[in-house]
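The structure appears right after this line, and notes come after that.
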Amino acid sequence: MTGAGSGPRLSLEIVRTPEQLADALAVRRTVFVDEQGVPLDEEIDEHDRDPREIADTLHLLGRLEGRAICTGRLDLVRDPAHITRVAVLREHRGRGLGAQLMEALHDEARSRGLRALALNAQLHAIGFYEQLGYRAHGPVFLDAGIEHRAMDREL
Ligand code: COA
């Protein structure tokens with residue numbers, strides 16, 4: 001079971017405009033740059049360009065009462081596609097919202113005919129992804145100075 005079935009319900013939207021992208025990046029800046037110390041120029045990458053100009057990345061944005069509180073991306077260039085930059089604002093964690101966001105990313109992947117997904121998990125988040133059906137494999141490696149392991153699951 002994941003926490004997706006209980007607690008507050010996220011309002012989820014596919015990021016299609018620069019304004020939505022700015023809301024998603026604000027969540028990531030709070031979580032990855034301010035909280036985790038990732039340099040801003042490593043946090044923002046080529047997948048964060050104007051969403052009207054890129055078809056190979058899908059950003060999802062989750063809101064509660066209109067406020068952007070979580071986000072995650074689906075990188076469709078890689079095979080298998082990768083989930084990246086999953087972040088929930090600290091004050092909203094532990095209520096099943098990250099799981100709702102992940103299930104929505106899975107649904108988007110399924111709707112595109114994908115049969116598997118992969119991600120690189122920060123070590124502290126491995127339990128979160130295991131609850132969602134992912135299994136870790138391979139060695140621990142550093143990305144932006146943070147320890148990670150590769151994980152994947154079938155859809
Ligand atoms: N370790 C083990 N289990 C965890 C966990 C963790 N760090 N975080 C959540 N879980 C479990 C929950 O207990 C819950 O299980 P349950 O359904 O049996 O109760 C399930 O995973 C879903 O948890 P949820 O409340 O939806 O997660 P969240 O909203 O707190 O979001 C993160 C989880 C990891 C996205 C959030 O902690 C976060 O944004 N962290 C900072 C950014 C980050 O590190 N992102 C991951 C980069 S790889």
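The chain is numbered in sequence order, starting from 1. For ligands, and for the atoms within them, numbers begin at 1 and follow the listed sequence.
- Per-residue contacts place L97 under 4.0 angstrom from the following atoms of ligand 1 (heavy atoms of the residue considered): 26 (O), 29 (O).
- By the 3.5 Å distance cut-off applied to N or O atoms, A87 is not counted among the residues near ligand 1.
- Side-chain atoms of H148 come within 3.5 Å of backbone atoms of I146 as a donor-acceptor pair (strictly under, hydrogens ignored).
- Between V88 and ligand 1, a contact under 3.5 Å exists for at least one N or O pair.
- Taking the charged nitrogens against the carboxylate oxygens, R9 and E65 have no contact shorter than 4.0 Å, which rules out a salt bridge.
- Among the atoms of A121, none of the N or O lies under 3.5 angstrom from an N or O of ligand 1.
- For atom 38 (C) of ligand 1, the candidate residues are H92, H148, R93; the nearest heavy-atom contact is made by R93.
- Enclosure of atom CD in E42 by more than 12 non-hydrogen atoms of other residues, nucleotides or ligands within 6.0 angstrom is indicated.
- Comparing V86, I126, L89 by heavy-atom distance to atom 45 (N) of ligand 1, the nearest is V86.
- With ligand atoms numbered from 1 in the order given, ligand 1 contributes 24 (P), 25 (O), 26 (O) to contacts under 4.0 Å with heavy atoms of G96.
- For the salt bridge (Lys or Arg N to Asp or Glu O under 4.0 Å) test, residues two or more places apart in sequence or in another chain that qualify with R73 are D45, D48.
- Near G98, meaning under 4.0 Å from one of its heavy atoms, ligand 1 places the atoms 26 (O), 28 (P), 29 (O), 31 (O).
- Residue V31 touches ligand 1 through its side chain alone, judged by heavy-atom distances below 4.0 Å.
- A single hydrophobic cluster is seen to contain both Y129 and V31, as judged by linkage of ILVMFWY side chains at heavy-atom distances under 4.5 Å, directly or through other members.
- Taking a 4.0 Å cut-off on heavy atoms, Q36 registers as neighbouring ligand 1.
- Under the 4.5 Å side-chain heavy-atom criterion for Ile, Leu, Val, Met, Phe, Trp and Tyr, L105 and V15 are members of distinct hydrophobic clusters.
- For a threshold of 3.5 Å applied to N or O pairs, the pair formed by R95 and ligand 1 contains at least one separation below that value.
- Proximity to A99 (heavy-atom distance under 4.0 Å) selects the following atoms of ligand 1: 22 (C), 26 (O).
- Using a cutoff of 4.0 Å between basic side-chain nitrogens and carboxylate oxygens, R63 and D23 are scored as salt-bridged.
- Residue contacts with ligand 1: H124 is placed with a nitrogen or oxygen under 3.5 Å of a nitrogen or oxygen of the ligand (distance criterion only).
- The backbone and the side chain of Q122 each have at least one atom closer than 4.0 Å to an atom of ligand 1 (non-hydrogen atoms only).
- No continuous path of hydrophobic side-chain contacts links I54 to L25 [ILVMFWY only; heavy atoms under 4.5 Å].
- Contacts with ligand 1 closer than 4.0 Å are made by no heavy atom of L132, backbone or side chain.
- Shown in contact with N120 at under 4.0 Å from a heavy atom are these atoms of ligand 1, numbered in order with element: 48 (S).
- Between L101 and ligand 1 there is no heavy-atom distance shorter than 4.0 Å.
- In the model, Q20 has a side-chain atom that pairs as donor or acceptor with a side-chain atom of E13 under 3.5 Å.
- Residue nearest to atom 30 (O) of ligand 1, selected from A125, G94, C70: G94 (by heavy-atom distance).
- Distance check: E154 CD to L114 CG gives 13.0 Å after rounding to the nearest 0.5 Å.
- A salt bridge links E43 with R28: the closest approach of a Lys/Arg side-chain nitrogen to an acidic carboxylate oxygen falls below 4.0 angstrom.
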